> 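Let me begin by handing over the structure; questions about it come next.
Only this structure's heavy atoms are used, side chains among them; waters, hydrogens and symmetry mates stay out. Naming convention: chains lettered A, B, ... in sequence-line order (proteins, then strands); numbering from 1 in each chain. This is a predicted model, so every value here is computed, not measured.
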There are 2 protein chains.
Amino acid sequence: MAEREVDRSVSQTVKAQLALRDQILSGALRPGERISELQAVETTGASRTPVRMALVRLEEEGLLEAIPSGGFMVKAFSERDISDSIELRGTLEGLAARFAAERGVSARELEPLKECLAAIDELLRQVPISVDAFSAYVTLNARFHALLTELSRSPPLIRQIDRASALPFASPSGFVMAQSALPEAQQILIIGQEHHRVVIDAIENREGARAEAIMREHARLAVRNLRLALRNRTHLDLLPALALIKTATD
Amino acid sequence: MAEREVDRSVSQTVKAQLALRDQILSGALRPGERISELQAVETTGASRTPVRMALVRLEEEGLLEAIPSGGFMVKAFSERDISDSIELRGTLEGLAARFAAERGVSARELEPLKECLAAIDELLRQVPISVDAFSAYVTLNARFHALLTELSRSPPLIRQIDRASALPFASPSGFVMAQSALPEAQQILIIGQEHHRVVIDAIENREGARAEAIMREHARLAVRNLRLALRNRTHLDLLPALALIKTATD
DNA sequence: CGCACGGCTATTGTATACATAAAGCATACA
DNA sequence: TGTATGCTTTATGTATACAATAGCCGTGCG
């Protein structure tokens, strides 16, 4: 019934896209196997036309792969693919931070970012960090990264960063929930927040190289999280899109 | 009649996509104005279903922009947008070069790149450089960049670079033809080729930082070309997708 | 027993008809 | 005369019917 509230005022294409994305990320659709349009029509409730539109969009999003003979299949990702995707995002965010630093940002524009920083500080003050706090962190962290990206004031760059962040495991907050189960969790958040603080400082002082470097390092922290979460197999289920990850044993 | 040879064995969707892209890049469809699907049906010869598929793909490609109320319009690009897109590509290619250097590349894998380098050397030996040579350079240069990108052996990165290079003015060889009319043309090609030489050397010696830096600088050369070509208004028509560039006077 | 060829089935790609919503225009009122 | 409202027209979004192709299974031959 929660599903039905989007029935009106949202296009069938979007509905199908959301439904199919859920099925892919949850593992209901297995990597490597062809997606049946007819089956998708049944599960999404939309007709074939919007379903096919959704499939094309999901391909561009990176979750699907076109089959030469026609149709699409769910893509599978190696651990290396995922860490590369994260580093890719970090590189782009680094470029955004450098642009912001080099081109200059007014105090007024920096204000929302600083507020976001303060809100995360507030969150991290409580020890130990609750699950709710982790969840709130995810939201604030996503906001921080979005604000930072916009500071570049470069539409092409913003667009590319959005596309690079579309994959759930490449998004800035992708592994935060997964790391919540780790013993190192609190330290990692504190270090990440320090990166946030440094990038703002660098941008304020127009230190482009420093701003870029810290955002790259920030992404490396996410790569470290990924490794930790994959090794600590007790909480593997918190990993986003776990079903898409191809392990060496497969 | 040359058009008819793709009639068979190529999907209507691809046909429509190619036709519409041509119309966009040639300026037949003006930036800012809504694309009429019915009109597109007439000009492409495909029916509305493949036309709409093509429109979605062209949006993802970056040439179109979705209109909130429905449909698509041709995007317009500022000079800043274009230079940022080039720098974006350079940053990604820098990452690819660094990956190649850090992760190591066998002599066997480097061979095609070196052959490409030698072929360009051969081309630049003749002075002054003919128009045919420029055209050959475009092909070889595109090949060099493609080979380099693949050396990263990172599918996510390759994918992103391909997407970043999809915009005609952001592609590695985008401004080569435009610069052919410039007096500085020959020097620019020689400098560019030097960059090619350096990146191979850096990868061979596993100097990641150097490989990355030179590819970034390489892209800055393209940015310089862009500036030169835009200022030297006598050969503006050689610029790719000139119709999409919004000038300050507009 | 294995491989290849042919027919059948199921799925994709395309075309078109329909419904809904947006945009433009005309008219009426302030 | 300008603005607002309602109607008309046209465009987009969706559903469905059709055609062509790819994959699969069974049978026959080597």
Side-chain angles (χ1 to χ4, degrees), chain A residues 3-24 28-61 63-75, chain B residues 3-24 28-76:
Chain A
E3 295 239 1
R4 293 292 169 238
E5 70 194 18
V6 292
D7 263 17
R8 275 188 233 292
S9 85
V10 164
S11 76
Q12 295 295 94
T13 300
V14 171
K15 223 174 64 174
Q17 192 175 351
L18 293 175
L20 286 172
R21 188 192 288 136
D22 275 351
Q23 293 179 30
I24 294 166
L29 294 169
R30 304 282 289 273
E33 65 187 29
R34 188 198 221 106
I35 292 189
S36 161
E37 291 181 6
L38 265 62
Q39 187 183 319
V41 164
E42 283 179 14
T43 59
T44 64
S47 77
R48 275 190 65 215
T49 305
V51 161
R52 298 190 92 241
M53 292 291 245
L55 290 175
V56 170
R57 297 204 125 102
L58 288 169
E59 183 204 4
E60 306 288 344
E61 195 173 317
L63 289 176
L64 297 182
E65 202 175 336
I67 301 172
S69 66
F72 299 92
M73 58 183 241
V74 179
K75 224 192 255 186
Chain B
E3 294 239 1
R4 293 292 168 238
E5 70 195 18
V6 292
D7 264 16
R8 276 188 234 292
S9 85
V10 164
S11 76
Q12 296 295 95
T13 300
V14 171
K15 225 174 62 174
Q17 191 176 351
L18 293 174
L20 286 172
R21 188 192 289 136
D22 274 351
Q23 293 180 30
I24 294 166
L29 295 169
R30 305 282 288 273
E33 66 187 28
R34 188 198 220 107
I35 292 188
S36 161
E37 290 181 7
L38 265 63
Q39 187 182 321
V41 164
E42 284 179 13
T43 59
T44 64
S47 76
R48 275 190 66 215
T49 305
V51 161
R52 298 191 90 240
M53 290 292 243
L55 290 175
V56 170
R57 296 204 125 102
L58 288 169
E59 182 204 5
E60 306 287 345
E61 196 173 317
L63 289 175
L64 297 182
E65 202 176 334
I67 301 172
S69 66
F72 299 92
M73 58 183 241
V74 179
K75 225 193 254 184

> Would the distance check show the side chain of Arg34(A) and the main-chain N or O of Gly70(A) forming a donor-acceptor pair, the cut-off being under 3.5 Å?
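Pair found, side chain donor or acceptor close to backbone of Gly70(A).
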
> To the nearest Å, how far apart are Glu33(A) CD and dA10(C) P?
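Those two atoms, CD and P, are 18 Å apart.
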
> Could you check how far CD of Gln12(B) sits from C1' of dA19(D), rounded to whole Å?
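One finds 13 Å between C1' of dA19(D) and CD of Gln12(B), rounded.
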
> State, to 0.1 Å, how close Val51(B) and Ala40(B) come at their nearest heavy-atom pair, and which atoms those are.
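Taking Val51(B) first and Ala40(B) second, the nearest heavy atoms are CG1-CB, 3.8 Å.
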
> Do you know which two heavy atoms are closest between Glu59(B) and Ala66(B), and how far apart they sit?
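Here Glu59(B) and Ala66(B) meet closest at OE2-CB, 3.5 Å.
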
> Identify, with sequence neighbours excluded, every residue that meets side-chain contact (heavy atoms from CB on, under 4.5 Å) alongside Arg30(A).
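Counting only residues at least two positions away or on another chain, Arg30(A) forms a side-chain contact (heavy atoms from CB on, under 4.5 Å) with Glu33(A).
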
> Give me the residues of residues 35-45 of chain B where at least one heavy atom lies under 4.0 Å from an atom of DNA chain D, by number, or none.
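Within this stretch, Ile35(B), Ser36(B), Glu37(B), Leu38(B) sit under 4.0 Å of the strand.
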
> Any side-chain N or O of Thr49(B) under 4.0 Å from OP1/OP2 of dT14(C)?
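For dT14(C), neither OP1 nor OP2 has a side-chain N or O of Thr49(B) closer than 4.0 Å.
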
> Taking all heavy atoms of Gln23(A) and all of Thr43(A), pick out the closest pair and write down the distance.
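Smallest interatomic distance, heavy atoms only, reads NE2-OG1, 3.0 Å.
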
> Does any residue of residues 62-71 of chain B have a heavy atom under 4.0 Å from DNA chain D, and if so, which ones, in number order?
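Output list: Gly70(B), Gly71(B).
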
> On DNA chain D, does the nearest nucleotide to Arg34(B) precede the nearest nucleotide to Ala46(A) from the 5' side, or the other way round? Give the residue.
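Between the two, 5'-proximity favours Arg34(B).
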
> Is any side-chain heavy atom of Glu61(A) closer than 4.5 Å to one of Arg57(A)?
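Side-chain contact under 4.5 Å: no.
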
> Considering the options Leu63(B), Leu64(B), Val74(B), which one meets the side chain to side chain contact (heavy atoms under 4.5 Å, CB included) requirement together with Leu29(B)?
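Of the listed options, the one satisfying the test is Val74(B).
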
> Rounded to the nearest angstrom, tell me the gap between atom CG in Leu55(B) and atom C1' in dA11(D).
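Nearest whole value for this atom pair: 13 Å.
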
> Using whole Å, report how far CD of Gln17(B) lies from C1' of dT14(C).
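These atoms are roughly 16 Å apart.
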
> What heavy-atom pair brings Val41(A) and Ser47(A) nearest, and what distance separates the two atoms?
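Minimum heavy-atom separation between Val41(A) and Ser47(A): CG2-C, 3.9 Å.
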
> Between Arg48(A) and Phe72(B), just flag the one whose closest nucleotide in DNA chain D comes earlier from the 5' side.
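In this pair, the answer is Phe72(B).
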
